[in-house]
Amino acid sequence: MAEYDLIYTKDNGVSEQYPITAEGLLLGRGSENHIIIHDSLVSRRHARVWLEKGLPQVEDLGSRNGILVNGETVRRASLQSGDRITLGQAVLEVHACTGSSIGHAVISQEKAAALHDSILGEASGVRLPVLYRAAQLLGTVFDLDELLRKILALIFEALPVRRGFMLILNTGTNEPEIHAILSKEKDEEGPPLSRTLIQHVFEHRESMLTLDAQDDSRFTATESIMGHSIHAAMCVPLLGHQQIVVGAVYVDSGSSSQTFSMDDLEMLTSIARVVGVAVENARLYRENVEKERLAAIGQATAGLGHCIKNILTGIRGGGEFMSMALQSKELRYVEKGWPILKQSIDRIDLLVMNMMSFSKPRTPNRQPNDLNALVQEVLEVVGSRAERHNVELEFTPGDPVRAMVDGPEIFRVILNLVTNAVDVCEIKGGKVTIECVQEEGDCRLCVSDTGPGIPPEMLPQLFKVFSSSKGSKGTGLGLACSQKIVQEHGGTIEARNEPGSGAVFTVVLPNSAEAKISTQHTQKVESDDGRTMAE
């Protein structure tokens with residue numbers, strides 16, 4: 001193993017590292033040289049660097065423009081670590097090898113951006129389509145682990161690798177974790193990762209390449225890169241928006257004698273630049289989703305807690321009257337307490353139904369229904385309560401209003417609207433009017449009241465969860481649930497204030513030709529409880 005390396009940094013910032021051996025390195029413009037320098041000031045066969053008695057030497061091979069060592073022209077000279085050799089515009093530096101140095105090629109992330117841009121600027125070649133496919137994956141795959149697996153598969157297509165790993169830095173432990181693995185080897189157990197290589201990449205944010213790990217004394221016998229007979233390996237950092245390391249890509253040649261080139265390292269570095277930002281975006285997306293989830297839970301808990309607290313207040317009040325009735329044996333306390341308990345029970349029942357409807361999306365179970373019949377059912381439910389509070393319910397059904405809807409769900413919408421209208425008229429009494437009209441292409445249902453109307457500041461928030469214009473009487477779920485059900489049917493629900501007449505809620509449900517045809521042959525039958533049903 002050579003004791004010195006010669007490092008050549010190109011104009012694009014990519015550094016190549018060559019071991020200096022006794023056989024020597026040829027430097028020049030010609031393709032037969034070990035280090036090819038594309039510079040018109042450099043001769044075809046310009047200079048030679050070799051190791052003699054443990055020290056590096058350099059000599060001019062008869063070039064036109066000569067060579068400089070640390071700024072001085074020489075024909076031949078002994079070199080030390082840190083000496084700089086200049087050929088034309090190219091500068092090469094002698095570097096003494098130590099046990100901690102790894103790899104034979106390095107790309108600093110400060111220069112990786114220029115490298116990425118240069119590949120994007122290529123008019124032809126195989127590298128640009130690879131980056132384009134990687135960018136396409138970022139816009140179509142949103143699960144992070146699946147994205148990393150697909151990127152790894154793309155790397156296998158583009159580069160001669162046999163094993164690959166995607167590592168993401170755990171933000172809690174600050175330790176890298178494997179999120180994707182791909183291998184062409186028979187034995188995939190025991191991830192063959194060089195911890196020395198990975199640690200260096202995370203610490204220095206550099207893309208690293210080792211060309212022959214088996215002959216590299218800088219990897220100890222305990223390294224997995226040695227134990228798995230790996231000859232060549234590359235490791236590249238994944239950087240986020242702020243150039244912070246979020247992970248790394250590690251690939252190697254497995255047990256084969258395949259080696260990697262600088263072009264391979266450049267390609268892997270460019271892919272990693274794209275993936276690093278995607279990893280950070282995915283992490284931020286998950287964090288935002290979690291924050292929104294916790295905020296929604298908090299909002300739901302507060303809203304439900306407030307609603308249930310109000311219902312419990314009613315239950316306690318009714319319960320006190322019932323206790324007085326038991327103690328005094330007087331029926332008049334039952335007559336006062338039971339309506340309060342019944343109203344609280346109805347509110348709990350409505351709250352639970354609305355929660356079940358709002359908690360998950362569903363596809364309506366569409367059946368032929370007469371909306372007039374559904375309104376009649378609702379009036380039977382709220383009729384006694386409306387009468388008790390001196391609220392008049394007006395509904396004059398005409399011809400059947402046919403619609404292909406989910407009957408129980410639309411019943412819940414009508415129940416919510418009529419219950420709300422009765423609530424706002426309870427204090428002073430009033431009138432609630434329901435109209436059902438069959439129109440061309442749709443059905444229209446209107447519920448209006450003679451209450452005080454909706455406060456103007458509440459109108460924009462009316463259909464939001466836990467937003468109620470009824471104060472402590474409202475759950476904040478009824479209208480949100482009703483809107484969800486109507487929208488699942490492809491319809492609309494609107495609210496407005498009618499000057500001098502309170503509020504008006506209008507529901508429009510689409511009524512397709514299929515619905516009209518399907519209901520032409522239905523007959524009305526009486527159910528056991530006397531309700532009209534479609535047969």
Engineer: Show the nearest heavy-atom pair for residues Val236 and Thr269, with the distance to one decimal.
Structural biologist: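 For Val236 and Thr269, the tightest heavy-atom pair comes out as CG1-CA, 3.7 Å.
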Engineer: If you draw a 6.0 Å radius around CD in Glu330, do more than 12 non-hydrogen atoms from other residues or ligands fall strictly inside?
Structural biologist: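 More than 12 within 6.0 Å, yes.
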Engineer: Out of curiosity, Asn390 CG to Lys428 NZ, how far, rounded to the nearest 0.5 Å?
Structural biologist: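 Asn390 CG to Lys428 NZ: 13.5 Å, rounded to 0.5 Å.
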Engineer: Between Leu445 and Ile414, is there a side-chain heavy-atom distance shorter than 4.5 Å?
Structural biologist: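 Touching, per the 4.5 Å side-chain cut-off.
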Engineer: To the nearest 0.5 Å, tell me how far Arg402 CZ sits from Asn372 CG.
Structural biologist: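 Rounded to the nearest 0.5 Å, the CZ-CG separation comes to 9.5 Å.
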Engineer: Leu326: what forms a side chain to side chain contact (heavy atoms under 4.5 Å, CB included) with it, not counting sequence neighbours?
Structural biologist: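 Checked Leu326 against side chain to side chain contact (heavy atoms under 4.5 Å, CB included); zero matches.
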Engineer: Could you tell me if the side chain of Thr506 sits less than 4.5 Å from the side chain of Arg496, heavy atoms only?
Structural biologist: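 Counting from C-beta outward, Arg496 and Thr506 do come under 4.5 Å.
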Engineer: Find the distance between CG (Leu459) and CG (Asn497) and round it off to the nearest 0.5 Å.
Structural biologist: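 Atom-to-atom, Leu459:CG and Asn497:CG are 5.5 Å apart.
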Engineer: For a quick test of reading the model, state the closest non-hydrogen atom pair linking Cys436 to Val375 and the distance between them.
Structural biologist: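 Answer, listing the atom of Cys436 first, then Val375: SG-CG2, 4.4 Å.
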Engineer: Does some side-chain heavy atom of Ile151 sit less than 4.5 Å from a side-chain heavy atom of Ile155?
Structural biologist: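 Yes, side chains in contact.
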Engineer: How long is the straight-line distance from SG of Cys446 back to CZ of Phe505, given to the nearest 0.5 Å?
Structural biologist: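 It is 11.5 Å, given to the nearest 0.5 Å.
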Engineer: Is there a side-chain contact between Met166 and Ile178 (heavy atoms, below 4.5 Å)?
Structural biologist: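 No, side chains not in contact.
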Engineer: Could you check if a side-chain atom of Val161 sits within less than 4.5 angstrom of a side-chain atom of Asp252, using non-hydrogen atoms only?
Structural biologist: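 Val161 vs Asp252: side chains apart.
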Engineer: Just do the side chain to side chain contact (heavy atoms under 4.5 Å, CB included) check on Arg162 and Ser253 with the steps written out, would you?
Structural biologist: CA-CA 5 Å; Arg162 293 193 61 82; Ser253 62; 5.6 Å; no
Engineer: Where do Leu371 and Cys443 come nearest, in terms of heavy atoms and distance?
Structural biologist: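 Heavy atoms only, the tightest pair is CD1-CB, 3.8 Å.
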Engineer: Hey, what do you get for CG (Leu374) to CZ (Phe411), rounding to the nearest 0.5 Å?
Structural biologist: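 Interatomic distance, Leu374 CG to Phe411 CZ, rounded to 0.5 Å: 8.0 Å.
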Engineer: Hey, does the side chain of Asn369 reach the backbone of Val405 with a donor-acceptor pair shorter than 3.5 angstrom?
Structural biologist: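 Yes: the side chain of Asn369 pairs with the backbone of Val405.
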Engineer: Going by heavy atoms in the side chains, are Val275 and Leu148 under 4.5 Å from each other?
Structural biologist: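 Result yes, sub-4.5 Å side-chain heavy-atom pair found.
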Engineer: Mind checking salt bridge (charged side-chain N to carboxylate O under 4.0 Å, His left out) for Arg444 and listing every partner two or more places apart, or none if nothing turns up?
Structural biologist: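 With neighbours one apart ignored, the set is Glu439.
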Engineer: What pairs with Glu392 under side chain to side chain contact (heavy atoms under 4.5 Å, CB included), at least two apart in sequence or on another chain?
Structural biologist: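 So Glu392 forms a side chain to side chain contact (heavy atoms under 4.5 Å, CB included) with Glu394, Lys431.
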Engineer: Heavy-atom distance under 4.5 Å between the side chains of Leu167 and Ile198, does that happen here?
Structural biologist: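 Leu167 reaches Ile198 side chain to side chain.
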Engineer: Roughly how far, to the nearest 0.5 Å, is the CE atom of Met324 from the NZ atom of Lys329?
Structural biologist: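 Spacing of NZ (Lys329) from CE (Met324) equals 14.0 Å.
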Engineer: So, for Ala325 and Val334, which heavy atoms are closest and what is the spacing to 0.1 Å?
Structural biologist: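 For Ala325 and Val334, the tightest heavy-atom pair comes out as CB-CG2, 3.3 Å.
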Engineer: In the structure I gave you, are the side-chain heavy atoms of Val381 and Val418 within less than 4.5 Å of one another anywhere?
Structural biologist: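 The answer is no; the side chains never approach within 4.5 Å.
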Engineer: Quiz question: by atom type and distance under 3.5 Å, do the side chains of Gln376 and Glu380 form a donor-acceptor pair?
Structural biologist: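 Gln376 vs Glu380: no donor-acceptor pair found between side chains.
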Engineer: Given Tyr250 and Met234, is the side chain to side chain contact (heavy atoms under 4.5 Å, CB included) satisfied, shown in steps?
Structural biologist: CA-CA 6 Å; Tyr250 174 93; Met234 292 187 291; over 6 Å; no
Engineer: Step by step, would you call Val413 with Val486 a side chain to side chain contact (heavy atoms under 4.5 Å, CB included)?
Structural biologist: CA-CA 8 Å; Val413 172; Val486 171; 4.1 Å; yes
Engineer: I'd like to know if Arg412 and Glu409 make a salt bridge, using a cut-off of under 4.0 Å between side-chain N and carboxylate O.
Structural biologist: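 Salt bridge: yes.
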Engineer: Hey, are Glu177 and Asn170 close enough side-chain-wise for a donor-acceptor pair under 3.5 Å?
Structural biologist: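 Per modelled atom types, Asn170 and Glu177 side chains form a pair under 3.5 Å.
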Engineer: Minimum heavy-atom separation for Pro368 to Met404, with atom names?
Structural biologist: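 Shortest heavy-atom separation between Pro368 and Met404 comes out as N-SD, 3.5 Å.
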Engineer: Side chain to side chain contact (heavy atoms under 4.5 Å, CB included) for Leu268 and Leu159? Distances and angles first, verdict last.
Structural biologist: CA-CA 8 Å; Leu268 190 62; Leu159 302 176; 4.1 Å; yes
Engineer: Looking only at non-hydrogen atoms, find the nearest pair between Leu182 and Phe156 and report the distance.
Structural biologist: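 Minimum heavy-atom separation between Leu182 and Phe156: O-CZ, 3.3 Å.
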Engineer: Which one of Glu494, Gln483, Gln487, Lys484 satisfies the side chain to side chain contact (heavy atoms under 4.5 Å, CB included) criterion with Phe463?
Structural biologist: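 With Phe463 as partner, side chain to side chain contact (heavy atoms under 4.5 Å, CB included) holds for just one option, Gln483.
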Engineer: Main chain of Pro364, side chain of Asp406: is a donor-acceptor contact present, judged purely on distance under 3.5 Å?
Structural biologist: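 Side chain of Asp406 to backbone of Pro364: no pair is present.
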